[in-house]
Amino acid sequence: MALGLWLLAIALAQPTPNTPPPDLSPRVFEIARALRCPVCQGESAAESNAGIAVEMRRIIAEQLAEGKSEAEIRQFFVQRYGDWILYEPPARGLTLWVWLSPLIGLGLLSFGLWRYLSRVKAQAKAPLNDVSEEEITRLEAELNTERSS
């Protein structure tokens with residue numbers, strides 16, 4: 001029983017994954033959250049335990065110790081990996097297209113829907129000129145026979 005309590009105490013003593021390791025400052029993780037992990041899908045460099053993410057955090061800590069600003073550190077990683085490394089890439093060039101394409105698509109969809117509804121409305125208001133007198137009399141005769149049945 002003592003062994004079980006001892007194992008439970010060790011398991012509970014482990015640091016939670018969201019807290020920074022004691023050797024790195026919280027500022028390192030704050031900067032790393034703005035950067036993607038190059039090998040992980042959908043994780044920031046602060047969240048990932050991949051080797052490259054650990055190395056990125058180490059580089060961030062070294063550059064902070066050298067007195068570099070957050071913007072300079074981000075620029076270092078952008079020069080190395082491109083704008084892709086940023087979780088929120090700047091809206092310019094190809095990324096501008098990515099930011100604007102949903103708005104353009106919504107505009108085109110709205111325009112198409114407006115055109116469709118205006119055509120339907122125009123057709124509903126238009127008189128029926130295409131129906132001949134023979135067809136009208138035939139339909140009236142059919143309606144009269146159905147009513148009398």
Side-chain angles (χ1 to χ4, degrees), residues 1-132 135-136 138-140 142-143 146:
M1 184 150 178
L3 179 63
L5 288 174
W6 182 74
L7 289 174
L8 180 65
I10 289 176
L12 293 176
Q14 297 297 322
T16 58
N18 292 335
T19 59
D23 59 336
L24 295 177
S25 73
R27 181 133 166 82
V28 170
F29 281 83
E30 180 183 322
I31 295 170
R33 273 188 207 92
L35 302 172
R36 292 182 197 276
C37 174
V39 296
C40 302
Q41 194 76 310
E43 284 187 333
S44 70
E47 299 166 338
S48 175
N49 288 327
I52 187 96
V54 172
E55 182 66 18
M56 288 173 72
R57 291 191 298 261
R58 187 190 61 75
I59 290 170
I60 292 169
E62 286 176 1
Q63 290 187 359
L64 282 174
E66 292 172 5
K68 292 188 178 178
S69 69
E70 184 175 336
E72 290 173 325
I73 295 170
R74 281 186 182 173
Q75 188 58 36
F76 170 80
F77 285 104
V78 167
Q79 286 175 349
R80 188 177 242 185
Y81 295 101
D83 285 337
W84 171 86
I85 199 74
L86 300 174
Y87 248 110
E88 293 183 19
R92 67 172 190 262
L94 182 60
T95 57
L96 180 62
W97 174 251
V98 171
W99 284 99
L100 292 179
S101 62
L103 296 174
I104 292 170
L106 187 60
L108 290 173
L109 180 65
S110 299
F111 177 72
L113 185 61
W114 174 75
R115 291 258 326 212
Y116 172 74
L117 290 176
S118 63
R119 284 184 183 173
V120 168
K121 188 176 179 181
Q123 286 178 351
K125 288 183 178 180
L128 297 176
N129 295 332
D130 296 343
V131 181
S132 67
E135 290 178 7
I136 292 174
R138 183 181 58 84
L139 288 172
E140 286 177 349
E142 284 182 24
L143 285 173
E146 286 180 12

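Bear in mind that the values here come from a model prediction, so they are computed numbers and not experimental data. Each residue takes its place number in the sequence, starting with 1.
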Closest heavy-atom contact between [X] and [Y]?
{"X": "A53", "Y": "A45", "value": "CB-O, 3.7 Å"}
{"X": "S44", "Y": "A32", "value": "CB-O, 3.8 Å"}
{"X": "I85", "Y": "F77", "value": "CG2-O, 3.8 Å"}
{"X": "V39", "Y": "A50", "value": "CG2-CB, 3.6 Å"}
{"X": "R36", "Y": "M56", "value": "O-CE, 3.7 Å"}
{"X": "V54", "Y": "N49", "value": "CG2-O, 4.1 Å"}

Side chains of residues 111-123: which donor-acceptor pairs under 3.5 Å do they make with residues two or more places apart or in other chains?
residue, atom, partner, partner atom, Å
S118, OG, W114, O, 3.2
S118, OG, R115, O, 2.8

side-chain hydrogen bond (donor to acceptor under 3.5 Å, both in side chains) partners for [X], two or more places apart:
{"X": "E47", "result": "none"}
{"X": "Q79", "result": "none"}
{"X": "R138", "result": "E142"}
{"X": "E43", "result": "none"}

Worksheet item: So, the side chain of R74 versus the backbone of L86: is there a donor-acceptor pair under 3.5 Å, distance only?
Response: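 No.
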
Fill in: R57 (side chain) donor-acceptor with F29 (main chain) under 3.5 angstrom
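Answer holds: no.
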
Worksheet entry | Spacing of K68 atom NZ and I60 atom CD1 [to the nearest 0.5 Å] |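 Between K68 NZ and I60 CD1, I get 12.0 Å after rounding to 0.5 Å.
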
Fill in: Y81 and L35, any side-chain heavy atoms less than 4.5 Å apart
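SC-SC contact between L35 and Y81 ruled out.
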
Worksheet entry | Counterpart residues, salt bridge (charged side-chain N to carboxylate O under 4.0 Å, His left out), relative to E62 (two or more places apart) |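 So E62 forms a salt bridge (charged side-chain N to carboxylate O under 4.0 Å, His left out) with R58.
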
